[in-house]
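So the structure is just underneath, and the comments pick up after that.
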Protein chains: 2
Amino acid sequence: MTAAPRGRGGLADEVCRRIADEIALGLLAPGTRLDEVTLAGRFAVSRTPVREALKQLATMGLVVYRRNRGALVASMTPAELDQMFEAIGELEAACARHAALRLTEPERQRLGELHAQGRLAMQAGDVERYAAVNLELHAAIIAGCHNPALIELTNGLRERVASFRRTQFRHIERIAESYAEHTAIVEAILARDVVTAYREMRSHLLAARNATSRVAPQWATPQSK
Amino acid sequence: MTAAPRGRGGLADEVCRRIADEIALGLLAPGTRLDEVTLAGRFAVSRTPVREALKQLATMGLVVYRRNRGALVASMTPAELDQMFEAIGELEAACARHAALRLTEPERQRLGELHAQGRLAMQAGDVERYAAVNLELHAAIIAGCHNPALIELTNGLRERVASFRRTQFRHIERIAESYAEHTAIVEAILARDVVTAYREMRSHLLAARNATSRVAPQWATPQSK
DNA sequence: AGAAAGCATCTTGTATGCAATATCATCGCT
DNA sequence: AGCGATGATATTGCATACAAGATGCTTTCT
């Protein structure tokens, strides 16, 4: 018996969630080896649920499996990061377009409030708070498409790049840029302007990817120089 | 010992692939109970790799897990099917747009050849062949975006609805419609017309979803009537 | 006779054990 | 001294064993 009577949906899912969180938070850096016995010890379970969790994480793309050689936290080349951001851009832009037409009145209100909170955080120079509000704003738009399949896909992709973009607001001027882009997106959505919402969200994601490159040069796409 | 020394990448992945294939082919109907011991017996392995396979399939969305009650082949309500097709439409349209700009010359040639093969199959009234060519054509366009992340996402979604669209060409007139839509898409891609390629692919997917409804009324979206 | 409770059986969830493969260090050779 | 081979160690992959929960049936009471 393993102490926990039933955390939620079985130990494997619990372990999966906790490892996923640690990866997203950057506690487990890309490339980190995920030893089964170590993890089993850390979570006070046997190897079986850990293995099942790692398999799930591999399917999600958060870890990579090398045959008979164990699991590693997924790492990405700059080119792969570009591709991830491109895919996220396509998906979030689609979400924004649908959100422009489908947002309920309470959701529209909340969108405006979140954007206002972002403005306050920006004016206060509170980087952490702006990052948190940014996350919530994007989540609100994504959820606003009212299509569970799209929502899951988009959030899944965002989770995979989460650890690579934690530093995107390190340069204070990026916050102002981000806020300006958010303004264009939010106004378009509230005006039910599907074309603008789509276009602005796509360019916003491109800008976010470039911001990540500027802050973390090791993830920048090598330019022909 | 289990006879096979190394099918490919471990028994769990092998079992996962085979079950996924059977689901996509409709051999395992939506809602079918997936008993671990039965599957283990069928594939001549123990329950361990079967469980890992089922967990992976659950993460992919091909099966659903009910806590302590086992796995079922995922089934979808008509509304969920609509949402899936909407998501696929967004993704494939994005792929088509990128393909219009990124296709290499050999890829462009192959796209034209595939479309020509579809015309031959249509003229011959060969439904099976048209369905096969249709699959290849879409795969070529998806792969043509040259973005592994987008490709994987799109193919993953397509796999999840595969069993629900196997009958989409049962009405012969749908083949002619499909071919006409393909013509618009292929011509736009070859002309590097990103806007048209995107728009036509989206409407093509909507039409495909409607065709599925017409052929299989049990999956149709209930209309207000 | 119908319904509820209790019991037997089955299935899943987790832990442990064993075999196979990869990793690493040492040793030998050129 | 550098490089390759060989054996020891560690880790993964799979199988089996055991426990907890779910399913279904029988039994019993009203």
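Convention: sequence-line order gives letters A, B, ...; per-chain numbering from 1.
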Partner set under side-chain contact (heavy atoms from CB on, under 4.5 Å) for A:Glu80, not counting sequence neighbours: A:Met76, A:Thr77, A:Gln83
Side chains of residues 53-63 of chain B: which donor-acceptor pairs under 3.5 Å do they make with residues two or more places apart or in other chains?
unit_1: B:Gln56; atom_1: NE2; unit_2: B:Asp13; atom_2: OD1; d: 3.2
unit_1: B:Thr59; atom_1: OG1; unit_2: B:Lys55; atom_2: O; d: 3.0

Could you list, one pair per line, each protein nitrogen or oxygen that sits under 3.5 Å from a nitrogen or oxygen of nucleotides 10-13 of chain D, together with the distance?
unit_1: D:dT12; atom_1: OP1; unit_2: A:Asp35; atom_2: OD1; d: 3.4
unit_1: D:dT12; atom_1: OP1; unit_2: A:Glu36; atom_2: N; d: 3.4
unit_1: D:dG13; atom_1: OP1; unit_2: A:Asn68; atom_2: N; d: 3.2
unit_1: D:dG13; atom_1: OP2; unit_2: A:Arg51; atom_2: NH1; d: 2.6
unit_1: D:dG13; atom_1: OP2; unit_2: A:Arg51; atom_2: NH2; d: 3.4
unit_1: D:dG13; atom_1: N7; unit_2: A:Arg47; atom_2: NH2; d: 2.9
unit_1: D:dG13; atom_1: O6; unit_2: A:Arg47; atom_2: NH1; d: 3.2

Separation of atom CG in A:Leu72 from atom P in C:dT23, rounded to whole Å: 11 Å
What residues form a salt bridge (charged side-chain N to carboxylate O under 4.0 Å, His left out) with B:Glu107, not counting sequence neighbours? none
Sequence neighbours excluded, which residues qualify as side-chain contact (heavy atoms from CB on, under 4.5 Å) partners of B:Ala149? A:Met84, A:Ala87, B:Asn147
List the residues meeting salt bridge (charged side-chain N to carboxylate O under 4.0 Å, His left out) with B:Arg129, not counting sequence neighbours, and say none if there are none. none
